[in-house]
Protein chains: 2
Amino acid sequence: MDFRQLRQFVVLADELNYRKAAERLNMTQPPLSIAIKRLEADLGVQLFERDRLGVRLTMAGGVFLGEARRLLDGAQAALQVTRDAAQGRI
Amino acid sequence: MDFRQLRQFVVLADELNYRKAAERLNMTQPPLSIAIKRLEADLGVQLFERDRLGVRLTMAGGVFLGEARRLLDGAQAALQVTRDAAQGRI
DNA sequence: AATGCTTACGGGTCACGTAATGATT
DNA sequence: AATCATTACGTGACCCGTAAGCATT
């Protein structure tokens, strides 16, 4: 699990469409599909359901979505405060 | 910035010694040295001071240490709650 | 046919270990 | 000499894009 995967997951959870998600991520569908599969394997948890009707979040996927957003926000905040500290703006 | 770098940074900040930190991380000094340099470059912030006396955290490094610990704890918590959710333990 | 997701494959990047170098005690 | 950190270099893993395959509409 890394931040890149978290970003990919959040965008896919928002779009529920691999093509559109990949477009927003400036990449193509195949590597996105593989990255999500790999994330699910790493977690040992299925995050999406794929069937005829399309892509949907599982319950665990919904839980992970909140966590992923929190982590991404936290990462951005970490950069911010660290850079501010480096410039003496404390 | 990724979680692997955060783990390496936190251990090095704890040990203030590349050899010992690398040992705890089950790796060798050279890749650790490079990974930390890369992290500093990514952030645009110097996290450690190296001089005759050894390795010390900069002020910004101290700030980042708190953030890194929070992010790593958050990642672990995210795994936990997601796996629990997947097993219906909500 | 067209759309959407997945598998197959080749290329570039990156992380690691080993080896060699530099610096300090 | 010994210890510690940093380059230098070769190998293996991984991410990505292109191409091909498969299913559904």
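Proteins come first, then strands; the chains are lettered A, B, ... in the order of their sequence lines, and each starts at number 1.
- Asn26(B) comes within contact range of the sugar-phosphate backbone alone, with a heavy-atom separation under 4.0 Å but no base atom that close.
- Gln5(B) comes within 4.0 angstrom of nothing in the nucleic acid, heavy atoms only.
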Passes side chain to side chain contact (heavy atoms under 4.5 Å, CB included), Leu47(B) versus Phe9(B)? Steps please.
-> CA-CA 9 Å; Leu47(B) 299 171; Phe9(B) 167 75; 3.9 Å; yes

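- Candidate nucleotides dG17(C), dA5(D), dC5(C) were compared by shortest atom distance to the side chain of Met27(B), and dG17(C) ranks first.
- Which of dC5(C), dA5(D), dC16(D) sits closest to the side chain of Asn17(B) comes down to dA5(D).
- For residues 38-49 of chain B, the pairs satisfying side chain to side chain donor-acceptor pair (under 3.5 Å) are Glu40(B)-Arg50(B), with sequence neighbours left out.
- Toward the 5′ end of DNA chain C lies the nearest nucleotide of Gly54(A), the other residue of the pair Thr28(B) and Gly54(A) mapping further downstream.
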Yes or no on side chain to side chain contact (heavy atoms under 4.5 Å, CB included) for Asp51(A) and Arg56(A), after CA distance, side-chain angles and deciding distance?
-> CA-CA 9 Å; Asp51(A) 59 13; Arg56(A) 291 192 312 279; 3.4 Å; yes

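- Residue Tyr18(A) places its side chain closer to dC5(C) than to any other of dT7(C), dC5(C), dA5(D).
- Here dT25(D) is the nucleotide among dA5(D), dT25(D), dT6(D) with the atom lying nearest to any side-chain atom of Arg52(A).
- The terminal axes of the helix from dA1(C)-dT25(D) to dT25(C)-dA1(D), fitted over 5 pairs per end, subtend an angle of 10° to the nearest 10°.
- Counting non-hydrogen atoms of neighbouring residues, nucleotides and ligands closer than 6.0 angstrom, the CD atom of Glu23(A) reaches no more than 12 such neighbours.
- Checked against salt bridge (Lys or Arg N to Asp or Glu O under 4.0 Å), Asp73(A) has no partners two or more places apart in sequence or in another chain.
- In the set dA15(C), dG17(C), dT7(D), dT7(D) carries the atom at the smallest distance from any side-chain atom of Lys37(B).
- Using a 4.5 Å cut-off between side-chain heavy atoms of Ile, Leu, Val, Met, Phe, Trp and Tyr, with links allowed through other members, Leu16(A) and Leu25(A) fall into the same hydrophobic cluster.
- An OP1 or OP2 oxygen of dT6(C) is reached within less than 4.0 angstrom by a side-chain nitrogen or oxygen of Arg50(A).
- Taking every side-chain heavy atom of Gln29(B) into account, dT6(D) is the closest of dC16(C), dT6(C), dT6(D).
- Of the candidate nucleotides dA19(D), dG4(C), dC14(C), dA19(D) has the atom nearest to the side chain of Pro30(A).
- A salt bridge is defined here as a Lys NZ or Arg NE, NH1 or NH2 lying under 4.0 Å from an Asp or Glu carboxylate O, and Asp2(B) with Arg4(A) fails to meet this definition.
- Rounded to a whole Å, the CD atom of Glu23(B) is 11 Å from the P atom of dC4(D).
- Both Arg19(B) and Leu53(A) sit near DNA chain D, but only Arg19(B) has its closest nucleotide nearer the 5' end.
- To the nearest angstrom, C1' of dC15(D) lies 12 Å from CG of Leu32(A).
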